[in-house]
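What follows is one structure encoded as structure tokens, with my remarks underneath.
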Amino acid sequence: MLDQIHWLAVVTVLGVLEQAYFFLQVIYARRLFGISPPKISGPPEFERIFRAQVNSSEYFPIFLALLWQAGLFFHQGLAAALGLLYLYARYCYFMGYKASSSERLAPIYFSAGVLWILIAVSALGILHFFLSHYVGLNILQLLTA
């Protein structure tokens with residue numbers, strides 16, 4: 001069983017570490033700009049860092065659910081590769097947003113595209129499972145025949 005999920009686990013840990021890095025960036029920005037919690041407003045430089053971290057945190061549960069579904073029901077390697085692309089895009093998004101609000105756009109569109117691919121792969125994998133398990137119809141055999 002573990003050989004079927006180890007790459008998913010690696011990408012999950014990398015994602016958690018990335019989230020921790022984003023959290024630390026907000027802490028450092030709070031100190032730099034003298035903004036104590038619970039305040040969330042301040043100079044634009046702080047607000048961009050704060051929003052980048054919050055936006056990334058909001059999408060993280062969606063990413064994790066799709067990563068694991070795609071990996072378990074479709075293909076672990078493909079899901080892990082897509083997960084790494086997503087994490088890289090999120091890092092680029094964070095760094096771009098930190099620099100300027102307009103520099104976040106290309107990475108956010110790319111990361112959204114990766115999420116849509118994960119949705120499609122997850123749905124295909126789940127559909128294949130249900131059809132083969134409950135109906136006895138193996139789509140992969142039909143496609144390769």
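Computed from a predicted model, the values in this text were never measured in an experiment.
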So that I know where these two stand, are Tyr59 and Phe63 an aromatic pair - ring centroids less than 6.0 Å apart? no
> Under the side chain to side chain contact (heavy atoms under 4.5 Å, CB included) criterion, do Leu124 and Phe74 qualify, and how do the steps go?
Replying inline: CA-CA 7 Å; Leu124 285 173; Phe74 194 82; 4.3 Å; yes
| said: Would you say Ile126 ends up clustered with Ile62 if hydrophobic residues are merged whenever their side chains have heavy atoms under 4.5 Å apart, either directly or through other cluster members? | reply: yes
Verdict with reasoning, Leu87 to Tyr91, per side chain to side chain contact (heavy atoms under 4.5 Å, CB included) | CA-CA 6 Å; Leu87 293 178; Tyr91 177 79; over 6 Å; no
Closest heavy-atom pair, Leu8 versus Gln76, reported as atoms and distance to 0.1 Å, is N-OE1, 3.6 Å
Correct closest heavy-atom pair for Lys98 and Arg48 would be O-NH2, 3.2 Å
So does Asp3 get a backbone contact from the side chain of His6, meaning a donor-acceptor N/O pair under 3.5 Å? yes
Working for side chain to side chain contact (heavy atoms under 4.5 Å, CB included), residues Phe60 and Val16: CA-CA 9 Å; Phe60 194 61; Val16 169; 4.1 Å; yes
Taking every heavy atom of Pro107 against every heavy atom of Arg104, the minimum-distance pair comes out as CD-O, 3.3 Å
Next on the checklist: Using the rule given for side chain to side chain contact (heavy atoms under 4.5 Å, CB included), can you reason through Gln19 versus Ser56, listing the C-alpha separation, both sets of side-chain angles and the distance that settles it, and then say yes or no?
Outcome noted: CA-CA 8 Å; Gln19 290 296 309; Ser56 295; 3.9 Å; yes
Between Ser41 and Glu47, do the side chains contain an N or O donor and an N or O acceptor separated by less than 3.5 Å? no
In terms of relative ring orientation, are Phe94 and Phe22 parallel, tilted or perpendicular, with 30° and 60° separating the classes? parallel
**Q.** Cation-pi geometry met for Arg90 and Tyr93 (6.0 Å, 45°)
**A.** yes
- [ ] Examine the side chains of Ser122 and Trp68 and answer whether a donor and an acceptor come within less than 3.5 Å of each other.
- [x] no
For Val114 and Leu82 the tightest heavy-atom approach is CG1-O, 3.3 Å
